[in-house]
Amino acid sequence: MKLKQQLQSLVGDVLKVLISDDMLPAIDQPEISIERTRQKEHGDYSCNIAMVLAKHARCAPRDLAQKIVDRLPASKIISKVELAGPGFINFFLTDEPLYQGVRDVFSEGGRYGHTDIGAGQKVIVEFVSANPTGPLHVGHGRGAAYGDALARLLRAAGYDVQTEYYVNDAGRQMNILAVSVWLRYLELCGEEMDFPANAYQGDYVWDIAASIHRSKGDALHRKIDHVFVGVPPDEPLGGDKEAHIDGLINRAKDLLADDYALVFDQGLNEITDNIRRDLSEFGVEFDNWFSERSLHQSGEMEKAIQTLEDNGYLYEKEGAKWFRSTDFGDEKDRVVVRDNGQTTYFASDIAYHLDKLDRGFDRLIDIWGADHHGYVARVKAALQALKADKDRFEVLLVQFAILYRGGEKLAMSTRSGEFVTLRELRNEVGNDAARFFYVLRKCEQHMDFDLDLAKSQSSDNPVYYVQYAHARVCSVMAQLAERNMQVPDSSKISLDMLTEDHEKEIMSQILRYQEVIESAAINHEPHQIAYYLRDLANAFHTYYNAHQFLIDDEGLRNARLVLIQATRQVLASGLDLLGVSAPESM
RNA sequence: GCCCCGGUAGCUCAGCUGGAUAGAGCAGCCGCCUCCUAAGCGGCAGGUCGGACGUUCGAAUCGUCUCCGGGGCACCA
């Protein structure tokens with residue numbers, strides 16, 4: 001049983017005694033809060049129950065606290081109890097729980113600190129899900145690092161987690177990509193044109209066009225004058241860029257016929273493969289890649305719309321089908337089928353989330369960019385209209401990473417091709433630094449990402465501080481043999497000799513790990529792990545500087561080596577939760 | 001206009017399900033390698049927690065109002 005719970009039950013038992021002795025009016029289930037103290041002088045844990053119940057007990061908080069303290073039974077985990085301040089009950093622990101924590105690290109290994117609060121609940125975490133219309137940029141990187149760390153955290157907390165990437169492989173954006181590719185292809189065939197303002201401008205479009213040109217030669221070549229027949233003028237010529245690109249999409253479909261799908265798929269596949277590789281190299285692997293198109297092909301779109309229809313939440317207006325999302329608090333109703341008969345992106349999303357529910361997940365977690373926040377209400381509304389419990393669905397919004405270079409904010413636009421890709425970032429600062437940096441801030445915090453700083457001062461990144469602690473332990477252990485010293489058998493070493501303050505500080509941090517995992521998982525805050533690791537590394541570096549490990553006294557030496565090995569294990573476990581490597585040397 | 005997020009040290013941020021003297025990194029200043037990696041350690045300095053009012057034994061934390069910054073409000077995806 002965890003320390004907090006032990007202390008809670010101790011105090012709870014005392015309260016029952018007080019009530020039965022008529023020294024405290026009966027009260028059902030008082031919330032007994034046991035908190036870690038901030039200052040050493042206040043002991044290890046503190047309880048504020050006396051102040052909470054003072055009014056109820058009609059006596060001064062300190063008096064009530066004194067009554068509780070007087071009746072606390074002796075315990076092998078408590079060395080001292082103090083009454084302090086306005087009525088705090090401060091608990092000072094014995095060394096026994098500290099030693100037990102170290103022993104637990106060895107018996108549980110990489111599972112040390114994991115909990116089962118998730119109770120095996122099935123959770124699906126969907127994240128990144130960037131449109132496959134271009135490479136991932138640094139904004140997606142934040143979602144990737146955060147989502148993956150969250151998934152790992154939830155697994156460590158006992159949830160049955162599946163990760164998923166929703167591929168938007170249907171819809172207008174993909175058609176714009178296909179046209180962009182084809183026009184570049186035509187340029188490779190020698191045609192000249194004013195490239196549409198609304199088409200994708202990035203160099204990767206050339207690459208895709210080139211691969212089509214390699215495999216198909218000039219087979220898809222059409223005269224440029226013919227291509228632009230009947231297409232409305234582009235924006236620079238005083239027209240509308242949306243109408244212009246839509247006109248080109250229609251021309252491409254007409255002129256290419258069956259070959260249009262070839263261009264479309266070439267773009268989709270090359271970019272999806274690229275994204276998949278990028279994420280994989282970043283250490284982010286998805287359990288499933290879910291295709292939006294499959295929703296159309298499998299009939300799930302019709303099923304979802306029909307379900308809403310059956311439940312009475314659809315109506316027709318101006319030729320379109322509307323979903324009455326205002327019934328569930330959305331600010332206006334939303335279109336699901338346009339007057340031209342095409343379903344909207346929102347309709348796909350309804351079908352997609354219905355599919356998730358049908359797959360038996362207890363909880364759906366979506367991680368979206370903050371720019372989609374206006375979208376939350378309508379998807380929640382849709383889930384309720386589908387008769388799903390709205391509390392099972394949760395959207396976590398990740399704020400943008402605002403990029404700075406040379407003190408100037410960078411414009412980010414996929415369409416214009418002006419963006420810093422995730423791959424560029426990884427190449428510049430490395431995977432470990434990038435991942436650690438990303439999860440160092442909670443997701444709803446705006447992030448200023450100074451590229452110059454990340455590049456020029458990458459060795460100052462806190463990730464190295466943590467990794468260095470890990471490498472130092474490895475280095476010490478590696479030198480045992482050279483000095484004719486034995487690797488201690490952790491199960492046979494007495495830890496009683498670990499009495500220095502520095503040692504107790506580390507043991508205390510190791511003990512805290514399980515509380516941190518639980519809190520980080522419940523609150524969906526991987527950054528808590530990052531901050532914890534910094535604290536643990538700091539305790540270790542301080543210890544390292546203050547004491548020698550490879551000493552002649554075998555008993556003390558072995559106890560210290562066991563302690564730093566336990567530290568190494570926890571550092572490695574924590575870094576793994578963040579998807580960061582734990583190097584053995586640096 | 002409405003909605004979401006943020007405003008804490010010179011800079012970037014923790015702390016926010018109310019607790020005892022508000023923390024860290026970087027930048028600045030002063031120290032520490034004949035000794036297990038100095039990518040380290042110790043110390044100093046640095047604060048009207050945007051502002052006001054309220055709730056409370058107690059507010060950076062909760063509520064209302066307000067100011068400043070970022071984002072979002074499509075039959076686009």
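Note on naming: letters A, B, ... go to the chains in the order of the sequence lines (proteins, then strands), and numbering restarts at 1 for each one.
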How is [X] classified with respect to the nucleic acid when contacts are heavy atoms under 4.0 Å: base, sugar-phosphate, or nothing?
| X | answer |
| --- | --- |
| A:Thr542 | sugar-phosphate |
| A:Ala377 | nothing |
| A:Ala54 | nothing |
| A:Ser348 | nothing |
| A:Asn538 | sugar-phosphate |
| A:Tyr375 | base |
| A:Lys332 | sugar-phosphate |
| A:Asp339 | base |
| A:Glu41 | base |

May I ask you to evaluate whether [X] reaches the phosphate of [N], defined as a side-chain N or O under 4.0 Å from OP1 or OP2?
| X | N | value |
| --- | --- | --- |
| A:Arg472 | B:A38 | yes |
| A:Arg338 | B:A77 | yes |
| A:Thr344 | B:C75 | no |
| A:Lys442 | B:C13 | no |

For [X] and [N], give me the distance from atom [atom1] to atom [atom2], rounded to whole Å.
| X | N | atom1 | atom2 | value |
| --- | --- | --- | --- | --- |
| A:Arg172 | B:C76 | CZ | C1' | 6 Å |
| A:Asn461 | B:A24 | CG | P | 19 Å |
| A:Gln173 | B:A74 | CD | C1' | 13 Å |
| A:Gln39 | B:G19 | CD | P | 13 Å |
| A:Asn545 | B:U37 | CG | P | 12 Å |
| A:Met447 | B:G25 | CE | P | 21 Å |
| A:His502 | B:C36 | NE2 | C1' | 16 Å |
| A:Arg441 | B:C13 | CZ | P | 5 Å |

Please confirm whether any donor atom in the side chain of [X] sits under 3.5 Å from an acceptor in the base of [N], or the reverse.
| X | N | value |
| --- | --- | --- |
| A:Asn90 | B:A20 | yes |
| A:Ser46 | B:A20 | yes |
| A:Glu318 | B:C75 | yes |

Write down the atom of [X], the atom of [Y], and the distance for their closest heavy-atom approach.
| X | Y | result |
| --- | --- | --- |
| A:Leu248 | A:Pro196 | CD1-CG, 3.5 Å |
| A:Pro61 | A:Pro86 | CB-O, 3.4 Å |
| A:Phe92 | A:Lys40 | CE2-O, 4.0 Å |

Cationic N near anionic O, under 4.0 Å, [X] to [Y]:
| X | Y | answer |
| --- | --- | --- |
| A:Asp330 | A:Arg334 | yes |
| A:Arg293 | A:Asp265 | yes |
| A:Arg512 | A:Asp535 | yes |

Looking at [options], which one has an atom nearest to any side-chain atom of [X]?
| X | options | result |
| --- | --- | --- |
| A:Tyr531 | B:C13, B:G15, B:G40 | B:C13 |
| A:Gln445 | B:A77, B:C13, B:G15 | B:C13 |
| A:Gln479 | B:G40, B:C36, B:U21 | B:C36 |
| A:Tyr465 | B:A77, B:U37, B:C41 | B:C41 |
| A:Asn168 | B:G40, B:C36, B:A77 | B:A77 |

| task | Could you walk me through whether A:Gln399 and A:Arg441 pass side chain to side chain contact (heavy atoms under 4.5 Å, CB included), step by step? | result | CA-CA 10 Å; A:Gln399 294 290 330; A:Arg441 281 119 183 78; over 6 Å; no
Aromatic plane relationship, [Y] with [X] - under 30° parallel, 30 to 60° tilted, over 60° perpendicular:
| X | Y | value |
| --- | --- | --- |
| A:His547 | A:His502 | perpendicular |
| A:Tyr543 | A:Phe549 | tilted |
| A:Trp322 | A:Tyr315 | parallel |
| A:Phe323 | A:Phe346 | tilted |

| Pairwise 5' ranking along RNA chain B for A:Val335 and A:Ser519, keeping only the more 5' one | A:Ser519
| Where do A:Glu242 and A:Arg172 land on the salt bridge (charged side-chain N to carboxylate O under 4.0 Å, His left out) test, with the steps shown first? | CA-CA 11 Å; A:Glu242 303 292 348; A:Arg172 182 162 171 265; 2.4 Å; yes
| Would you find more than 12 non-hydrogen atoms of other residues, nucleotides or ligands less than 6.0 Å from A:Gln486 atom CD? | no
| Any donor and acceptor pair, going by atom type alone, linking the side chain of A:Asn523 with main-chain N or O of A:Ser519 inside 3.5 Å? | yes
| Under 3.5 Å: donor-acceptor pair, side chain of A:Arg338, backbone of A:Thr344 | no
Taking pairing as Watson-Crick or G-U wobble with both contacts under 3.5 Å, can you name the mate of [N], or confirm there isn't one?
| N | answer |
| --- | --- |
| B:G25 | B:C11 |
| B:C49 | none |
| B:C32 | B:G40 |
| B:G6 | B:C68 |
| B:U17 | none |
| B:A59 | none |

| Considering only the P atoms, how many Å lie between B:C4 and B:U66, rounded to the nearest integer? |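 Straight-line distance between the two P atoms is 14 Å.
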| message | Let's see if you get this right: which residues in residues 546-555 of chain A place a heavy atom under 4.0 Å from RNA chain B? | response | A:His547, A:Gln548, A:Phe549, A:Leu550
| message | Using O4'-C1'-N9-C4 for purines and O4'-C1'-N1-C2 for pyrimidines, with syn meaning within 90° of 0, is B:C33 syn or anti? | response |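 Here the answer is syn: the torsion falls within 90° of 0.
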Quick one: which protein N/O atoms are closer than 3.5 Å to N/O atoms of nucleotides 66-71 of chain B? Pair and distance per line, please.
from  : atom 1 : to       : atom 2 : distance (Å)
B:G69 : N2     : A:His446 : NE2    : 3.3
B:G71 : N2     : A:His373 : ND1    : 3.4

Polar atom pairs between nucleotides 60-63 of chain B and protein, under 3.5 Å, N or O only, would you list them?
from  : atom 1 : to      : atom 2 : distance (Å)
B:A60 : N6     : A:Arg38 : NH2    : 3.3

| message | By a 5.5 angstrom centroid cut-off and a 30 degree plane limit, is there stacking between A:Phe88 and B:A20? | response | yes
| request: Would you please test A:Phe540 and A:Leu571 for side chain to side chain contact (heavy atoms under 4.5 Å, CB included) and show each step? | output: CA-CA 10 Å; A:Phe540 172 76; A:Leu571 287 170; 5.5 Å; no
